[in-house]
Amino acid sequence: MMAGMDEVEVVVAHSARATLRVGDVFLKVDAYQERLDLEVEAMARAPIPTPQVLWREHPVLALGALPGAALGRLGEPSTASPAAWAAAGAAARVLHAAPLPPWPGRSLEMLTVELDGECEWLVANGVLPADLVTRNREVAQAALRPWKPVFIHGDLQISHVFVNGDDVTGVLDWSEASSGDAHFDLASLTFGHEEHLGEVIAGYGAGVDLDVIRGWWSVRGLLFSRWLIEHGFDPAAPGREFDVLKARM
């Protein structure tokens with residue numbers, strides 16, 4: 001299938017998993033078969049465009065490339081049109097209206113305990129000032145309330161949403177899909193790109209609470225910074241997690 005291809009692009013690689021691109025084929029390598037199985041099932045259930053599954057042989061999942069380009073990258077200005085951002089919001093609405101997947105998502109209680117632990121670690125290790133962590137923990141509280149579960153992507157960052165012109169051509173990386181809060185997907189989509197929140201909401205429609213969106217921005221910044229650091233990423237880079245947290249001050 002990949003005969004004649006002599007260049008391998010490393011899309012992302014860390015100790016948990018790796019994604020490689022060879023021509024028009026993406027190879028996802030994951031030691032946890034359950035995670036790959038969940039991703040395949042989530043894509044099969046999703047009512048929006050997803051990559052074609054070409055083949056699967058543990059620990060590798062081969063996916064076809066999506067047409068177009070990513071909606072943007074964290075830390076960089078997006079060149080996508082306002083209509084493309086609105087289309088991403090509309091795609092999220094379609095997903096959230098679909099039947100729930102049969103596996104559970106993270107509970108509110110589990111999330112709260114995990115978030116408080118990460119806040120303690122960030123301060124204890126001098127990663128972030130205590131006042132910055134405290135302020136964002138306060139903002140995060142708006143998201144930590146009971147929610148009506150919907151089918152969420154779970155990691156709907158802009159690099160996972162592909163567009164061609166003003167249309168969404170597909171959504172990548174479904175390994176975190178589950179039932180959860182619709183606002184979490186909307187916050188993930190606009191994380192670090194607050195200037196496009198209005199366009200996303202225009203496409204999504206009614207029922208969006210801006211305070212909850214802002215709360216989830218703080219949750220994401222606080223919850224994932226240690227993981228990023230420990231896996232070789234830099235949350236302090238311009239426009240990334242630390243800047244999002246500072247914007248709440």
Side-chain angles (χ1 to χ4, degrees), residues 16 71-75 88-89 92 95-96 103-125 127-161 171 173-198 200-201 204 207-231 233-237 239-249:
L71 189 61
R73 302 287 177 189
L74 186 59
L95 175 64
H96 296 163
W103 57 89
R106 181 183 283 158
S107 70
L108 176 58
E109 294 75 14
M110 181 188 307
L111 176 64
T112 302
V113 170
E114 187 177 353
L115 179 61
D116 288 340
E118 292 304 307
C119 289
E120 292 176 8
W121 184 89
L122 290 168
V123 175
N125 289 274
V127 177
L128 289 172
D131 61 339
L132 179 62
V133 173
T134 298
R135 170 56 183 158
N136 276 277
R137 182 60 183 84
E138 293 170 350
V139 175
Q141 193 59 38
L144 302 179
R145 84 285 176 233
W147 55 73
K148 178 184 178 181
V150 299
F151 187 173
I152 64 169
H153 178 275
D155 192 17
L156 198 63
Q157 55 182 293
I158 55 175
S159 61
H160 293 161
V161 179
V171 178
D173 202 346
W174 291 80
S175 59
E176 303 298 326
S178 68
S179 60
D181 181 16
H183 286 78
F184 180 73
D185 271 353
L186 298 178
S188 299
L189 184 60
T190 54
F191 187 82
H193 285 273
E194 186 172 353
E195 69 276 13
H196 294 292
L197 178 59
V200 169
I201 293 176
Y204 188 82
V208 177
D209 187 321
L210 296 181
D211 286 337
V212 175
I213 295 285
R214 297 185 184 102
W216 279 122
W217 286 339
S218 289
V219 171
R220 281 191 65 98
L222 294 169
L223 196 60
F224 299 141
S225 288
R226 173 161 48 158
W227 185 95
L228 291 167
I229 293 168
E230 292 178 344
H231 288 80
F233 302 99
D234 185 9
R240 294 190 60 93
E241 285 73 16
F242 289 0
D243 278 352
V244 173
L245 295 174
K246 291 173 183 176
R248 307 278 73 79
M249 295 296 285

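Along the sequence shown, residues carry numbers from 1.
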Subject >> E194 with R248: basic N within carboxylate O range, under 4.0 Å >> reply: yes
Original post:
Can you tell me how far CD1 of I152 sits from CG of L95, rounded to the nearest 0.5 angstrom?
Top reply: 8.5 Å
Original post:
Does H153 reach the main-chain N or O of D173 with its side chain, forming a donor-acceptor pair under 3.5 Å?
Top reply: yes
**OP:** Take L189 and L71 through the side-chain contact (heavy atoms from CB on, under 4.5 Å) test and state the conclusion after the steps.
**Re:** CA-CA 9 Å; L189 184 60; L71 189 61; 4.0 Å; yes
Original post:
Hey, mind stepping through L223 and E114 against side-chain contact (heavy atoms from CB on, under 4.5 Å) and telling me if it holds?
Top reply: CA-CA 8 Å; L223 196 60; E114 187 177 353; 3.7 Å; yes
**OP:** Report yes or no: does D181 contribute a side-chain atom to a donor-acceptor pair with the main-chain N or O of P149 at less than 3.5 Å?
**Re:** no
Original post:
Can you name the nearest heavy-atom pair linking Y204 to A182, along with the distance?
Top reply: OH-CB, 3.5 Å
Original post:
Do H193 and E195 have a side chain donor and acceptor closer than 3.5 Å?
Top reply: yes
**OP:** To the nearest 0.5 Å, tell me how far D209 CG sits from R214 CZ.
**Re:** 9.0 Å
Original post:
Once you round to the nearest 0.5 Å, how far does CD of Q157 lie from CD of E176?
Top reply: 10.5 Å
Original post:
Rounded to the nearest 0.5 Å, how far apart are CD1 of I201 and CG of L186?
Top reply: 7.5 Å
**OP:** Taking atom types as modelled, find out whether R220 and S188 have a side-chain donor-acceptor pair closer than 3.5 angstrom.
**Re:** yes
**OP:** Would you check if S159 and L74 make a side-chain contact, meaning some heavy-atom pair closer than 4.5 Å?
**Re:** no
**OP:** Report yes if the side chains of E109 and T112 come closer than 4.5 Å at any heavy-atom pair, otherwise no.
**Re:** no
**OP:** Would you check, one step at a time, whether the test side-chain contact (heavy atoms from CB on, under 4.5 Å) holds for H160 with W174?
**Re:** CA-CA 9 Å; H160 293 161; W174 291 80; over 6 Å; no
Subject >> Gap between atom CD of E241 and atom CH2 of W227 - 0.5 Å precision >> reply: 10.5 Å
Subject >> Shortest non-hydrogen separation from V161 to A88 and the atoms involved >> reply: CG1-CB, 4.2 Å
Subject >> Taking every non-hydrogen atom, the tightest pair across N136 and S218 >> reply: OD1-OG, 2.8 Å
Subject >> From L115 atom CG to R137 atom CZ, the distance as rounded to the nearest 0.5 Å >> reply: 5.0 Å
Original post:
If we only count heavy atoms from C-beta on, is the L132 to L122 side-chain gap below 4.5 Å?
Top reply: no
Original post:
Looking at L128, L222, D116, V127, which hits side chain to side chain contact (heavy atoms under 4.5 Å, CB included) with W121?
Top reply: V127
**OP:** Classify the angle between the aromatic ring planes of W216 and F184 as parallel (below 30°), tilted (30 to 60°) or perpendicular (above 60°).
**Re:** perpendicular
**OP:** Check step by step if side-chain contact (heavy atoms from CB on, under 4.5 Å) holds for L108 and W147.
**Re:** CA-CA 9 Å; L108 176 58; W147 55 73; 3.9 Å; yes
